[in-house]
Structure formats: C-alpha cells, structure tokens
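Notes for the one structure printed next.
Side chains included, hydrogens not; waters and symmetry mates left out as well; all remaining heavy atoms used. Just so it is clear, the model here is predicted, and its values are computed rather than measured.
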Amino acid sequence: QVQLVESGGGLVQAGGSLRLSCAASGRTFSSYALGWFRQAPEKEREFVAAISGNGDRTYYEDSVKGRFTVYRDNAKNTVYLQMNSLKPEDTAVYYCAARYSSNTYYYFARRTEYNYWGQGTQVTVSS
C-alpha cells in the first residue's frame, strides 16, 4: 500500500511558477513509477508527466513540454512537479499517482495504469 499526499498548489498569475510536491508512504519508494495528472472542471483527468522509479526517465504531455519538470528524491519519498510559465489553461486539480514496477526504468502515461492516487491539489492561474 502506498499513500500519497500532494501539496504546493495555489493561485498564481499567468507566467508565474509553482512547485507541487507529493509525499509517499512506504519503504520501497524507488520501486514505484510515478505520474502527475490534472483535471479541469467538467473535463476528463488527463496525463501531465511521468517519471520512472529510478528517476532517470521522464515523459511529458505535449502542452507542458519545456515548461514543466518532474523529478523525484527517493531518499525523501517525494516526487515534484516544477511548473514554470504557467498559463490559464493549466488551471486544474493536480493529482499524483503511483504504481509498482519491478523494472525501475519504466514510466507510465495512462491513467488506468496507476492504482494509487493522492487527494489532489488545486492550481489556479489567473490571466
């Protein structure tokens, strides 16, 4: 079992930055691939970024490439999402997700591939 708790959301002006954190319970954090997803009002939850268990491989949704960076600190059981050059269309509830992977080089980009989810943190970008 893995429990995930996000933090770091808030209100920011367009062009600004935020860093989201997701702290995980458990002693085998590096065995879990992690992802960030977001859900805007009346929209489906969508993929944002993913990172492999060892942190060496990352993958991003096209609209956030070059603006968002996902990274993890396995010693602190925490994954981060650094968000720069924020746009109003980035407004959403952001969720982190985890799934076990015996191969620590794998990452996953589909919502259905994850079985642990945090409660979400609201990000609002004003124009």
Side-chain angles (χ1 to χ4, degrees):
Q1 283 282 354
V2 175
Q3 292 185 322
L4 304 170
V5 179
E6 302 99 333
S7 61
L11 173 64
V12 64
Q13 287 189 328
S17 298
L18 281 175
R19 188 182 76 162
L20 305 183
S21 301
C22 176
S25 64
R27 294 180 295 174
T28 58
F29 185 65
S30 61
S31 296
Y32 286 82
L34 301 167
W36 285 97
F37 291 75
R38 65 187 179 187
Q39 188 167 16
E42 301 182 358
K43 290 191 174 181
E44 297 270 328
R45 191 171 299 187
E46 65 176 8
F47 169 76
V48 175
I51 187 166
S52 60
N54 62 10
D56 284 353
R57 299 180 68 203
T58 57
Y59 181 70
Y60 298 91
E61 191 270 328
D62 285 347
S63 71
V64 308
K65 283 180 182 176
R67 300 190 298 124
F68 290 11
T69 302
V70 59
Y71 61 101
R72 63 193 293 165
D73 184 338
N74 284 346
K76 295 183 178 179
N77 281 19
T78 302
V79 61
Y80 304 93
L81 184 68
Q82 177 66 45
M83 305 186 295
N84 298 329
S85 302
L86 282 161
K87 304 176 181 180
E89 51 263 44
D90 294 319
T91 295
V93 177
Y94 283 70
Y95 298 89
C96 72
R99 62 155 289 158
Y100 176 79
S101 176
S102 58
N103 188 320
T104 58
Y105 284 92
Y106 285 175
Y107 58 76
F108 302 88
R110 285 191 285 265
R111 185 180 59 187
T112 54
E113 294 176 307
Y114 290 90
N115 47 2
Y116 298 104
W117 292 85
Q119 82 290 348
T121 186
Q122 176 70 47
V123 172
T124 303
V125 185
S126 63
S127 57

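- The backbone N or O of Phe108 sits less than 3.5 Å from a side-chain atom of Tyr114, completing a donor-acceptor pair.
- A distance of 12.5 Å separates SG in Cys96 from CD1 in Ile51, rounded to the nearest 0.5 Å.
- The main-chain N or O of Gly120 is found under 3.5 Å from a side-chain atom of Glu6 such that the two form a donor-acceptor pair.
- Note that OG of Ser126 and CD of Gln13 are 5.0 Å apart. Values are rounded to the nearest 0.5 Å.
- A ring-centre distance under 6.0 Å is not found for Phe47 and Tyr60.
- Here the OH atom belonging to Tyr80 is positioned 10.5 Å from the SG atom belonging to Cys22, to the nearest 0.5 angstrom.
- Aromatic rings of Trp117 and Phe37 (six-membered ring for Trp) have centroids within the 6.0 Å cut-off, being under it.
- In this structure, the ring of Tyr116 has its center no less than 6.0 angstrom from the ring center of Tyr100.
- No donor-acceptor distance shorter than 3.5 angstrom exists from the side chain of Asn54 to the backbone of Tyr106, with no hydrogens or angles considered.
- Between Gln122 and Thr124, the shortest heavy-atom distance links the atoms NE2-OG1, 3.3 Å.
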**Q.** From CA spacing to verdict: side-chain hydrogen bond (donor to acceptor under 3.5 Å, both in side chains), Ser30, Asn74
**A.** CA-CA 6 Å; Ser30 61; Asn74 284 346; 4.7 Å; no

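- Judged by distance alone, the side chain of Arg57 and the main-chain N or O of Gly53 form no donor-acceptor pair under 3.5 Å.
- The backbone N or O of Gln82 lies less than 3.5 Å from no partner atom in the side chain of Arg19, so there is not a single donor-acceptor pair.
- Remark: Tyr105 OH is loosely packed, at most 12 non-hydrogen atoms of other residues, nucleotides or ligands lying under 6.0 Å away.
- Residue Pro88 comes nearest to Ser127 through the heavy atom pair CG-CB, 3.8 Å, listed as atom of the first residue, atom of the second, then distance.
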Q. Under the side-chain contact (heavy atoms from CB on, under 4.5 Å) criterion, do Tyr59 and Val70 qualify, and how do the steps go?
A. CA-CA 9 Å; Tyr59 181 70; Val70 59; over 6 Å; no

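- The shortest distance between side-chain heavy atoms of Val2 and Arg99 does not fall below 4.5 Å.
- More than 12 heavy atoms of other residues, nucleotides or ligands sit less than 6.0 Å from atom CD of Glu89.
- With a 4.5 Å cut-off on side-chain heavy atoms, Val93 and Thr121 do not count as touching.
- For Ser25 (side chain) and Gln3 (main-chain N/O), a donor-acceptor pair under 3.5 Å exists by modelled atom type.
- A side-chain contact (heavy atoms from CB on, under 4.5 Å) with Tyr95 holds for exactly one of Arg38, Gln39, Arg111; it is Gln39.
- Using a 4.5 Å cut-off on side-chain heavy atoms (C-beta onward), Leu81 and Thr69 make no contact.
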Q: For side-chain contact (heavy atoms from CB on, under 4.5 Å), just list the numbers for Met83 and Leu20, CA-CA rounded to whole Å, side-chain angles, deciding distance to a tenth of an Å, and then say yes or no.
A: CA-CA 8 Å; Met83 305 186 295; Leu20 305 183; 3.7 Å; yes

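- Connection of Val48 to Tyr107 is not established within any shared hydrophobic cluster, with ILVMFWY side chains joined at heavy-atom distances below 4.5 Å, either directly or through further cluster members.
- Using a 4.0 Å cut-off between charged side-chain N and carboxylate O, Lys65 and Asp62 make a salt bridge.
- A side-chain donor-acceptor contact under 3.5 Å links Arg72 to the backbone of Phe29.
- Of all heavy-atom pairs between Leu34 and Ala98, the closest is CD2-CB, 3.4 Å.
- Of the inter-residue distances, the one linking Phe68 atom CZ with Leu86 atom CG reads 5.0 Å to the nearest 0.5 angstrom.
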